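Remember, it's a predicted structure, so these values are computed and weren't measured experimentally. All values below come from the heavy atoms of this structure, side chains included, with hydrogens, waters and symmetry mates left out.
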Amino acid sequence: PRARPAAGAATRELSPGSLVGRYRIEREIGGGGMGKVYLARHVHMQRSAAVKVLQPELASEPSIRARFLREARTAARLSHPNIVPIHSVEESDGLVFFVMGYVAGETLGERVRRHGRLPAAEVTQVVREVAWALAYAHRQGVVHRDVKPENILLEREGGRSFTRRSLAACGAAARPQPSQSVPSCTV
């Protein structure tokens, strides 16, 4: 039999000010087939984070819920300067979600649409950084399965590249550390 979401979870809209676990939603920053990603702030630590929430109708499917949680926990094991860290995997008030580092910037796809063809030096840096992140993940037995321009994040300041993983394929949004020049891959 199909699991049922907690009362109100299937229709719950997350808007600025909503609480998800210990995080207060600031705004929606992305999404895909499995869920939405929000910029949020930890209520006690006042630290920004990205919160990926599994769509409640999918969370009510036991196999999908289990896959979402398994992939997030697998990605959380990865520790590399080019991989966006997953801080926690949680369930609260009928919502299933994970919390990861936030990367202020844009996707490679957005940058190409905005600027057109990128300089060779920038392309080389992005490819190198994404390759480092993916190589590390592969050595840990994790395969990304959805590498594409929309899943590569470019840090606004510091110039680092990060890969963002798609939950359907393997995980979450990757976000870089402000001071380094290396990509982050959440696989």
Side-chain angles (χ1 to χ4, degrees), residues 14-16 20 23 25-41 47-55 58 67-68 71-72 74-76 78-89 97-138 140 142-187:
L14 296 177
S15 56
V20 176
Y23 292 85
I25 299 298
E26 292 185 1
R27 63 184 164 86
E28 185 177 328
I29 57 174
M34 295 289 284
K36 292 183 180 178
V37 181
Y38 299 91
L39 174 60
R41 192 172 260 324
R47 176 177 62 192
S48 291
V51 177
K52 177 131 191 183
V53 180
L54 181 62
Q55 291 179 16
L58 296 177
R67 185 176 82 199
F68 181 93
E71 290 174 352
T74 297
L78 301 175
S79 177
H80 186 273
N82 301 93
I83 296 178
V84 174
I86 292 184
H87 302 303
S88 65
V89 180
F97 61 96
F98 61 88
V99 179
M100 62 197 134
Y102 171 68
V103 177
E106 63 188 335
T107 70
L108 176 58
E110 291 166 339
R111 177 150 318 156
V112 168
R113 284 190 295 280
R114 201 163 44 82
H115 293 290
R117 188 177 197 158
L118 301 177
E122 184 176 356
V123 171
T124 300
Q125 178 182 349
V126 169
V127 169
R128 180 183 315 116
E129 293 174 355
V130 170
W132 287 337
L134 293 172
Y136 169 79
H138 290 181
Q140 305 308 309
V142 178
V143 177
H144 191 289
R145 300 188 317 187
D146 196 23
V147 179
K148 60 186 178 186
E150 293 307 319
N151 285 343
I152 296 172
L153 296 173
L154 305 175
E155 188 177 43
R156 185 175 302 131
E157 294 180 25
R160 290 185 305 156
S161 308
F162 299 81
T163 65
R164 171 169 64 187
R165 79 187 184 115
S166 136
L167 237 199
C170 81
R175 304 275 172 175
Q177 308 305 9
S179 62
Q180 295 178 313
S181 240
V182 185
S184 182
C185 163
T186 311
V187 212

### Task
Only counting residues at least two apart or in another chain, list the ones meeting side chain to side chain contact (heavy atoms under 4.5 Å, CB included) with R111.
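With sequence neighbours excluded, R111 shows a side chain to side chain contact (heavy atoms under 4.5 Å, CB included) to E106, R114, H115, L118, E122, L154, given in chain and number order.
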### Query
Can you list the residues that meet the side chain to side chain contact (heavy atoms under 4.5 Å, CB included) rule with A76, with sequence neighbours excluded?
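I86.
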Using side chain to side chain donor-acceptor pair (under 3.5 Å) as the criterion, list what pairs up with [X], not counting sequence neighbours.
X: S88; result: E90
X: R117; result: none
X: R113; result: E150

[X] side chain near [Y] side chain, heavy-atom distance below 4.5 Å:
X: L54; Y: M34; result: yes
X: L134; Y: H144; result: yes
X: R41; Y: S48; result: yes

### Message
Set out, in order, the CA-CA distance, both residues' side-chain angles and the distance that settles side chain to side chain contact (heavy atoms under 4.5 Å, CB included) for N151 and T107, then state yes or no.
### Response
CA-CA 7 Å; N151 285 343; T107 70; over 6 Å; no
Interatomic spacing from [atom1] in [X] to [atom2] in [Y] - rounded to 0.5 Å:
X: L39; Y: R27; atom1: CG; atom2: CZ; value: 5.0 Å
X: E28; Y: L14; atom1: CD; atom2: CG; value: 9.0 Å
X: Y102; Y: L153; atom1: OH; atom2: CG; value: 9.5 Å
X: E26; Y: S15; atom1: CD; atom2: OG; value: 13.0 Å

Non-hydrogen atoms of [X] and [Y] that approach each other most closely:
X: A50; Y: G101; result: CB-O, 3.9 Å
X: A72; Y: F98; result: CB-CD2, 3.6 Å
X: Y23; Y: A49; result: CE2-CB, 3.9 Å

### Message
Once salt bridge (Lys or Arg N to Asp or Glu O under 4.0 Å) is applied, do any residues pair with E110, and if so which ones, sequence neighbours excluded?
### Response
none
### Task
Determine, stepwise, if the pair F68 / K52 fulfils side chain to side chain contact (heavy atoms under 4.5 Å, CB included).
CA-CA 10 Å; F68 181 93; K52 177 131 191 183; 4.2 Å; yes
### Task
Check step by step if side chain to side chain contact (heavy atoms under 4.5 Å, CB included) holds for L78 and V142.
CA-CA 9 Å; L78 301 175; V142 178; 4.2 Å; yes
### Task
Give the C-alpha distance, both sets of side-chain angles, the deciding distance and a yes or no for side chain to side chain contact (heavy atoms under 4.5 Å, CB included) between V20 and Y38.
CA-CA 10 Å; V20 176; Y38 299 91; over 6 Å; no
### Query
Taking only residues two or more places apart in sequence or in another chain, which ones pass ring pair (Phe, Tyr, Trp, His ring centres under 6.0 Å) with F97?
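For F97 there are no ring pair (Phe, Tyr, Trp, His ring centres under 6.0 Å) partners, ignoring immediate neighbours.
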